[in-house]
Amino acid sequence: MNDDLHFDTLAVRGGQHRTNEGEHAEPIFTTSSYVFASASEAAARFAGAAPGNIYSRFTNPTVRTFEERLAALEGGERCVATASGMAAILSTCVSLLQAGDHIVSSRAIFGSTVVLFDKYLSRLGIQVSYVDLTDLAAWEAAVRPETRLLFLETPSNPLTEVADIRALADLAHRHGAWLAVDNCFCTPALQRPLALGADLVIHSATKYIDGQGRCVGGAVVGPQDLVGEGVFGFIRTAGPSMSPFNAWVFLKGLETLRLRMQAHSANALALARWLEGHPEVARVHYPGLESHPQHDLARRQQDGFGGIVAFEVKGGREAAWRLIDTTRVFSITANLGDAKSTITHPASTTHGRMDPEARARAGITEGLVRLSVGLEDVADLQADLERGLRAKP
Ligand SMILES: *Cc1c(COP(=O)(O)O)cnc(C)c1O
């Protein structure tokens, strides 16, 4: 069905296989196992000689609809859904790498991904080197003969730096490695890394794919051999599979994904422009601003600039905390990708365990505040921040 349909049609209809009941909306198949017509059919399915469901740790129709829809939106051959974004990253690494292999990763990645790499993959004999996301020469210099995977998020969290996906895919392929992009911040509505040469796309569906902060889930998208055999083989054996209920919530999220991402981006750009002119604000990080160092790259590579804005208030931690505590509309939480706007202080939360000097070098200053701009009226969001920025000690 997918060949000649456009993004918005695939987002609404991709992957649906209607049953004999003629249901219009996608059903939730809450079943752990499946029955066979006969002993010989059971035997054929277990032997892999006949297609069909066996057990929901392996396959489930609602989960498969989500996988087919997301694969179509990312332009990938195959998608495997996982219990969380972290399960997607773990399953990718464990299924495709082995002891002695090496990963080159951007330093600016999700905190739990760093812990997964440094504390757990290292124990399995997989080493990770970290480089600056935007420094191509550093990526090149970090590659070793045993490097199998390059890993990044773009735009980065919280400073919204943008990586050149095409250049890094070329670099990976010249060295016989794969490029995996965690596409959580942009989603396929704004950025399709596979079309730019990446081999694997990883998602935390928990964020914008759900979009309303309800469920935890993840996904890996890529070619049949890496994802359909490699990652799927691990998931069905080790078990970090997605629940059918969560898959159904994410399916509903995909139907409105592009509209929501455009609205998040429009609200974020309006706030970023206003913040950039504010006397209490020292600096704004948002790829949609002309002042952003990779603005031109972001324009070429993305269809929008996303909902994450970071900015530095004058007056350090005290002023940042005062701003956060004065807001009434923004939720004080480190989560992101929700219809509800959120505000957080990275230096004392998401990046609080970092060594203070390394944190300062990475640009996570004491005055830095991160917004995940939601879908409320932007005038109310602006008034909320204005109240916080004008608040007196
Ligand atoms: C949240 C997040 C993850 C982890 O996803 P979970 O669903 O929380 O396991 C990975 N990468 C990025 C960029 C994230 O924001």
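Computed from a predicted structure; not experimentally measured. One is the number of the first residue; the rest follow in order along the sequence. As the structure lists them, so they are numbered: ligands from 1, and atoms in each ligand from 1.
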query: Do His285 and Thr160 meet the criterion of a side-chain donor-acceptor pair at a distance under 3.5 Å?
result: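 Absent: no donor and acceptor within the cut-off.
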Heavy-atom closest pair, residues Thr147 and His102
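Answer, listing the atom of Thr147 first, then His102: OG1-ND1, 2.7 Å.
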For atom 1 (C) of ligand 1, which protein heavy atom lies nearest, and how many Å away is it?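 Result for atom 1 (C) of ligand 1: Lys207 NZ, 1.4 Å.
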*Tell me: protein heavy atom nearest atom 4 (C) of ligand 1, and distance?*
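I find the closest protein heavy atom is Phe110 CE2, 3.4 Å.
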Discussion item. Side-chain heavy atoms nearer than 4.5 Å, only ILVMFWY residues, links allowed to pass through others: does that put Val201 and Leu254 together?
Written reply: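 Val201 clusters together with Leu254.
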Next on the checklist: Just to be sure I'm reading this right: ignoring hydrogens, which of Gly337, Ala205, Ser204 gets closest to atom 8 (O) of ligand 1? Compare them by their nearest heavy atoms.
Outcome noted: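 Of the listed residues, Ser204 has the closest heavy atom.
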| Nearest option to atom 7 (O) of ligand 1, as decided by whichever heavy atom of Ile209, Leu336, Thr206 sits closest |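 Residue with the shortest heavy-atom distance to the ligand atom: Thr206.
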Under 4.0 angstrom from ligand 1, any heavy atom of Gly217?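 Distance cut 4.0 Å: Gly217 passes for ligand 1.
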**Message:** With a cutoff of 4.0 Å, is Asp182 in contact with ligand 1, counting heavy atoms of the residue only?
**Reply:**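 Yes.
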Query - From Arg69, Arg13, Arg18, residue fulfilling salt bridge (charged side-chain N to carboxylate O under 4.0 Å, His left out) relative to Glu26 - result: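 When Arg69, Arg13, Arg18 are each tested with Glu26, the salt bridge (charged side-chain N to carboxylate O under 4.0 Å, His left out) holds only for Arg69.
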Flag Phe185 as yes when one of its N or O atoms lies below 3.5 Å from any N or O atom of ligand 1, and as no otherwise.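 The answer is no, given that Phe185 and ligand 1 share no N or O pair closer than 3.5 Å.
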Any N/O of Gly85 closer than 3.5 Å to an N/O of ligand 1?
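Min N/O separation from ligand 1 is below 3.5 Å for Gly85.
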- request: Return yes if some donor-acceptor pair links the side-chain N/O of Thr113 with the main-chain N/O of Ile109 below 3.5 Å, else return no.
  value: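 No; judged by distance alone, with no hydrogens or angles, the pair does not exist.
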Aromatic rings Phe151 and Phe117: how do their planes relate, parallel, tilted or perpendicular, breaks at 30° and 60°?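 Perpendicular: the ring planes of Phe151 and Phe117 meet at over 60°.
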**Q.** Salt bridge flag under 4.0 Å for residues Asp384 and Arg328
**A.**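 Not counted as a salt bridge, because no side-chain N and carboxylate O are separated by less than 4.0 Å.
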Only heavy atoms of Glu153, strictly under 4.0 Å: list the atoms of ligand 1 that pass.
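The atoms of ligand 1 under 4.0 Å from a heavy atom of Glu153 are 13 (C).
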What part of Met86, side chain, backbone, both or neither, has a heavy atom within less than 4.0 angstrom of ligand 1?
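Both backbone and side chain of Met86 come within 4.0 Å of ligand 1.
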